[in-house]
Structures are given as structure tokens and as C-alpha cells.
Amino acid sequence: MLYTILPLIAFLSSRVEAHGVVTKIIAGTKTYDGYQPGKFPYMPTPPAVAGWSTPQLQDLGPINSDKVGDPDIICHRNATPGQAVAEVAAGDKVSLQWQPWPNSHKGPMLDYLADCGDDCTKVDKTQLKFFKIDGVGITNTKGTPPNFADDDMIKANNTWTVTIPASIKPGNYVLRHETIALHQAQAAGGAQMYPQCVNLKITGTGTESPTGVPGVELYKVNDPGLVFNIYKQFKANSDYTVPGPAMFSGAAAADGSPAPPAKRAADPVSEASPDLDRRHSRAFPI
Ligand SMILES: *[C@@H]1O[C@H](CO)[C@@H](O)[C@H](O)[C@H]1NC(C)=O
């Protein structure tokens, strides 16, 4: 009897576990702090950190996908700019560590950049225009639900690593890192969005300034990647379409190796092609 109810108890307790925020950022070789909503608001002098401030995010919960047009979607609930900046060279990696992430949450991992001009610590978030540099959905179809990118993040000590495109013009950028939980996404409005923003100073000799879109225009409530039933058997990783705008053509593949150059030079339209989705859906090395 005990043996049969134990998995049920484990399942139920995972459902009520806290959600998550990014509490640690490794940019290049240096470690920076994220904002901790359960701690910083109670400190007389909270530290200035590169992660954006979300003092009203005590429950560490999501923005539901019926609110993708609300400014809260930009950098999470009532977010204001982080007061410190993490530095990274274009072409280098940034790793973001979530505080324990519930296994019942399954979905893609995404990353965007937005140029913030002179100073990210004072930027108006509604003026930021984001371009996508990373987006990974299903990484292994085995199992029901299948293995999603956020399962790989959990296996990697709750850490996701993104490569800053080598060709990006140096400057001040907001990195918008995000996971989307699809466990209740069968109906429109049920996907849970967890955006987290980090101020970056990107150094290097790149020249590209990709065009982006305002945060409130990244998604629509009915996007196929936000209305999706994960509880079935899938044939291919590409059966799930990562939501959001087309990938920046200079984005590195999910494992940090350069994208196959032929695909991009020959055909600019390939940004939105299924080929690129597959490239970004391949298994994440642990
Ligand atoms: C996992 O993350 C924790 C918290 O940042 C850290 O203390 C620990 O060393 C990490 N473990 C591994 C195996 O990297």
C-alpha cells in the first residue's frame, strides 16, 4: 500500500513546490547575483545586482500567457532595472542558475537581447526591442511528456547556458532569459511564462545591431508554442514550435558551437525555416 501511494505523494508535493527565479549568473568567468524576491525586500540595504528587481515576486510565480501583452511580460512582475552590470565578451557564454525548479514544469528555454543605449540601469523597459538568440523546445521525444529544454536545465544543476553572438556590436544590453511551463497549456492562457532580465555589458569588435520587437509583442496568447498538449507521444523534436520571433541569424547553436554558415549566408529566410528549429532542438549536452 505504502509503495503505491509514495509516488502519488511525490507527485502532489512537486505540484505545490515554489516556482523559481535566476539567483546566479556566470558571465564569461565571473559570477554575479540575481535578484532574490524572498530576501532582498527585507534587507535595509539590498545589494545592487545585475538581475532586474522584482520585489513583488514573493511567490516566485509566473506571468500567465493571457498576459503576454502586459508590460509585466518584459522582465517579470513590476520589474525595474538591475543596478549592477555583468560583463561578457561577444562569443562567450552566460550561464543562468534557477533556484530549484519543479519537475512538473516542462517547456522551452529562450534568450533574447535588447540594446539599452547608454545605461541599462536607467532604461525604460517599454522602449527595449528584443531579438532572439536562443530557443530550445523538445530535446528528446522519449517519454510522455517528452524531454524539454528545461529538463536539461534541471539536470545541469538548474543551469542554462547561452552563447552571446560573436557578431553583436559591443554595448549595453538587457538579456531576457525565459522558461515557459506548459503543464497546463492545453487551453489558451494556461502557459506559464518566467522571464528574467540581466544587465550585460558586451565587449568585442562585432558590428551587428539586429532589429528587435518590444517585449509586449514577442508573443500572442494563441501562439502554437503557448497552446500545446505535452501529455502525448511525439515523433520529432520539431513537433513543438518554440514561440516568439525568428532567431537572429548570427545566433550560435544551443550547444555553443557556431551555426552551419551555409544555411545563413545563402538564404536569409532560413531564419524561420524548420531546419533552424531542428538545429536549436538538438540534444543539449550535459
Ligand atoms: C550546483 O549549484 C550550487 C549553487 O550554486 C553550487 O553550490 C554547486 O557547487 C553546484 N554543483 C555543481 C555540481 O556544479
Side-chain angles (χ1 to χ4, degrees), residues 10 13-43 45-55 57-62 75-77 79 81-89 91-113 120 133-134 136 139-140 147-164 173-181 192-202 252-257 282-286:
S13 54
S14 78
R15 307 285 295 191
V16 296
E17 206 176 313
H19 312 275
V21 291
V22 166
T23 55
K24 190 166 131 185
I25 301 122
I26 302 170
T29 53
K30 276 189 77 181
T31 300
Y32 300 86
D33 289 323
Y35 186 87
Q36 296 186 39
K39 185 170 160 194
F40 290 4
Y42 305 103
M43 298 169 76
T45 320
V49 295
W52 277 45
S53 304
T54 51
L57 195 63
Q58 305 285 316
D59 64 359
L60 312 182
C75 291
H76 219 319
R77 209 178 300 159
Q83 294 303 299
V85 179
E87 189 168 325
V88 64
D92 272 2
K93 294 173 197 295
V94 176
S95 295
L96 302 113
Q97 188 178 45
W98 290 76
Q99 94 169 30
W101 189 249
N103 284 313
S104 62
H105 288 191
K106 293 216 160 244
M109 302 297 301
L110 304 97
D111 289 278
Y112 299 86
L113 287 174
C120 291
I133 59 167
D134 182 29
V136 186
T139 57
N140 188 334
N147 194 87
F148 273 90
D150 85 330
D151 292 303
D152 298 328
M153 175 267 280
I154 293 166
K155 283 177 211 143
N157 202 13
N158 292 327
T159 302
W160 186 257
T161 298
V162 55
T163 300
I164 302 302
Y173 291 84
V174 169
L175 171 68
R176 181 182 181 280
H177 174 70
E178 181 176 44
T179 184
I180 301 173
Q192 301 183 347
M193 330 288 289
Y194 295 85
Q196 295 281 288
C197 290
V198 179
N199 294 335
L200 290 183
K201 178 183 179 188
I202 299 178
D255 63 359
S257 61
R282 74 161 167 247
F284 186 75
I286 312 286

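Excluded from the calculations below are hydrogen atoms, water molecules and symmetry mates; all remaining heavy atoms, backbone and side chain alike, are included. For ligands, and for the atoms within them, numbers begin at 1 and follow the listed sequence.
Of all the listed residues (Thr159, Asn157, Ile26), Asn157 holds the heavy atom that lies closest to atom 3 (C) of ligand 1.
Distance alone, capped at 3.5 Å, places no donor-acceptor pair between the Asp111 side chain and the Asp134 backbone. For the pair Thr179 (side chain) and Pro108 (backbone), a donor-acceptor distance under 3.5 Å is present. At distances below 3.5 Å, at least one donor-acceptor pair connects side-chain atoms of Gln58 with backbone N or O atoms of Pro37.
Given atom 7 (O) of ligand 1, the protein heavy atom at minimum distance is Lys24 NZ, 5.0 Å. What sits closest to atom 4 (C) of ligand 1 on the protein, heavy atoms only, is Gln97 OE1, 3.5 Å.
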Output, in order, the C-alpha distance, side-chain angles, deciding distance and verdict of side-chain contact (heavy atoms from CB on, under 4.5 Å) for Trp52 and Val174.
-> CA-CA 9 Å; Trp52 277 45; Val174 169; 3.7 Å; yes

